[in-house]
Amino acid sequence: MGIIERIKEIEAEMARTQKNKATEYHLGQLKAKIAKLRTQLLEPPKGASGGGEGFEVTKYGHGRVALIGFPSVGKSTLLTMLTGTHSEAASYEFTTLTCIPGVIHYNDTKIQLLDLPGIIEGASEGKGRGRQVIAVAKSSDLVLMVLDASKSEGHRQILTKELEAVGLRLNKTPPQIYFKKKKTGGISFNTTAPLTHIDEKLCYQILHEYKIHNAEVLFRENATVDDFIDVIEGNRKYIKCVYVYNKIDVVGIDDVDRLSRQPNSIVISCNLKLNLDRLLARMWDEMGLVRVYSKPQGQQPDFDEPFVLSSDRGGCTVEDFCNHVHRTLVKDMKYALVWGTSARHNPQNCGLSQHLEDEDVVQIVKKKERDEGGRGRFKSHSNAPARIADREKKAPLKQ
């Protein structure tokens, strides 16, 4: 029996099992088995060569956004509208067969937009080259899930399910669970919050399913069984997602109003070029890019070329800004002067841990190099030999 058949058999058993107190341990073990099998499904087959055509393109710019959706929902048209890069669009499905990159120039930054081929139901199992498509989405900073406003709501659930099956968690934060394997000592289970979805016995059973008998587990929040399994697997990617409903020009105003009020959703029309500016602003907010301008000492700030920071790519502190400029600048920095919304007063004298906000101006003040003879005007030590016998005798004073 193959891996896919075993997954379907366990899913059928879970569907047959009633959910109550008596069966929650059994259901927890079945969820752990499915997670293990799906991890095996993502691994390349043993003995397979690394050749073949891949979708991956070189990272470029300050952020990466992936377009994901069913065939013929307007992904290629949206790429052409936003970037000017031509991506073939036609009235038949699967027009795009490979990854087509484009660049959006917005707020003095460059954002890479990837047009991926349409994925279908069963993509997580490898149908329609879906596994390669989802692998590229894992390397992006934001996912735009393009949906057809005239189609049923089930498309959104199908795509979310396919992405979650391969380890992508949309609009979620990593669970506050500390997990560490040990060589000896058994399983140590502790919690700092009341648990309603999982208990110590179920935690032990899931760990035994993974053949883990020595570990340290600490729950800092009321997490579920699925959250605990995600922490054990350790290969989950938590990524932001915006649901983009295209083709709003073919539906009624009531449907447009209902779709626009859903969480993490925005409505557009590529045909009539409606709401594209708000889509770009929403992408900017979700990615959390921070522009920081440098100011050399005694000169005006350089507003032409900002340093772009983000919490997903390193961080937004003064230390991260120094690393962007040069990796040795952190050691040479004495303090930083910051102008902008993150400063309490302009300018504010800050250290390395100061968090920067968008359009801040930063001036780095470096340490002064010490002279070999000592510090300041006065020498801290003499250059004369330590022994008196080795010192040069001065010439006698002239009479």
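Counting from 1, the numbers follow the sequence of the chain as shown. This is a predicted model, so every value here is computed, not measured.
With sequence neighbours excluded, no residue satisfies salt bridge (charged side-chain N to carboxylate O under 4.0 Å, His left out) with D249.
Other residues, nucleotides and ligands contribute more than 12 heavy atoms inside 6.0 Å of the CZ atom of R258. Crowding of K366 atom NZ: a count of heavy atoms from other residues, nucleotides or ligands under 6.0 Å not exceeding 12.
Between the N346 side chain and the G340 main chain, a donor and an acceptor come within less than 3.5 Å of each other. A side-chain donor-acceptor contact under 3.5 Å links K36 to the backbone of E209. No side-chain donor-acceptor contact under 3.5 Å links S140 to the backbone of K138. Listed for the T23 side chain is a donor-acceptor partner under 3.5 Å among the backbone atoms of Q18. Using modelled atom types, no side-chain atom of E286 and backbone atom of N264 make a donor-acceptor pair closer than 3.5 Å. For the pair S294 (side chain) and P306 (backbone), a donor-acceptor distance under 3.5 Å is absent. Although no hydrogens or angles enter the test, the distance criterion places a donor-acceptor pair under 3.5 Å between the side chain of H345 and the main chain of P347. Using a distance-only test at 3.5 Å, with no hydrogens or angles considered, a donor-acceptor pair links the side chain of E221 to the main chain of Q176. In this structure, N222 contributes its side chain and T196 its backbone to a donor-acceptor pair below 3.5 Å. Judged by distance alone, with hydrogens and angles left aside, the side-chain atoms of N171 form a donor-acceptor pair with the main-chain N or O of C241 at under 3.5 Å.
For K110 and Y60, the positive end is not near the middle of the six-membered ring at less than 6.0 Å and at most 45° from its axis.
Put simply, the residue from D358, D360, T109 that forms a side-chain hydrogen bond (donor to acceptor under 3.5 Å, both in side chains) with R291 is D358.
Using modelled atom types and a 3.5 Å distance limit, the side chains of D277 and Y106 yield no donor-acceptor pair. There is a side-chain donor-acceptor pair under 3.5 Å between D148 and S150. Between Y25 and Q29, the side chains place no donor N or O within less than 3.5 Å of an acceptor N or O (distance only, hydrogens not considered).
Taking a cutoff of 4.0 Å between a charged side-chain nitrogen and a carboxylate oxygen, K75 and D115 do not qualify as a salt bridge. Salt-bridge formation is detected for the pair R261/D257: a Lys NZ or Arg NE/NH1/NH2 atom is positioned less than 4.0 Å from an Asp or Glu carboxylate oxygen. Under the 4.0 Å criterion applied to side-chain N and carboxylate O atoms, K172 and E164 are assigned as salt-bridge partners. Using a cut-off of 4.0 Å between Lys/Arg side-chain N and Asp/Glu carboxylate O, R282 and D285 are scored as not salt-bridged.
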Exercise for the section: Could you walk me through whether L147 and L159 pass side chain to side chain contact (heavy atoms under 4.5 Å, CB included), step by step? Expected result: CA-CA 10 Å; L147 302 161; L159 285 173; 3.8 Å; yes
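Ring geometry for H213 against H208 counts as tilted: the plane angle lies between 30° and 60°, on a 0 to 90° scale.
One hydrophobic cluster, built from ILVMFWY side chains closer than 4.5 Å, holds both L276 and M145. L144 and V103 end up in different hydrophobic clusters when Ile, Leu, Val, Met, Phe, Trp and Tyr side chains are linked at under 4.5 Å.
Rounding to the nearest 0.5 Å places CD1 of I177 at 7.0 Å from CD1 of I198.
S76 is not listed as a side-chain neighbour of I100, based on a closest heavy-atom distance of 4.5 Å or more. Within the 4.5 Å cutoff, side-chain heavy atoms of N246 are placed close to those of I268.
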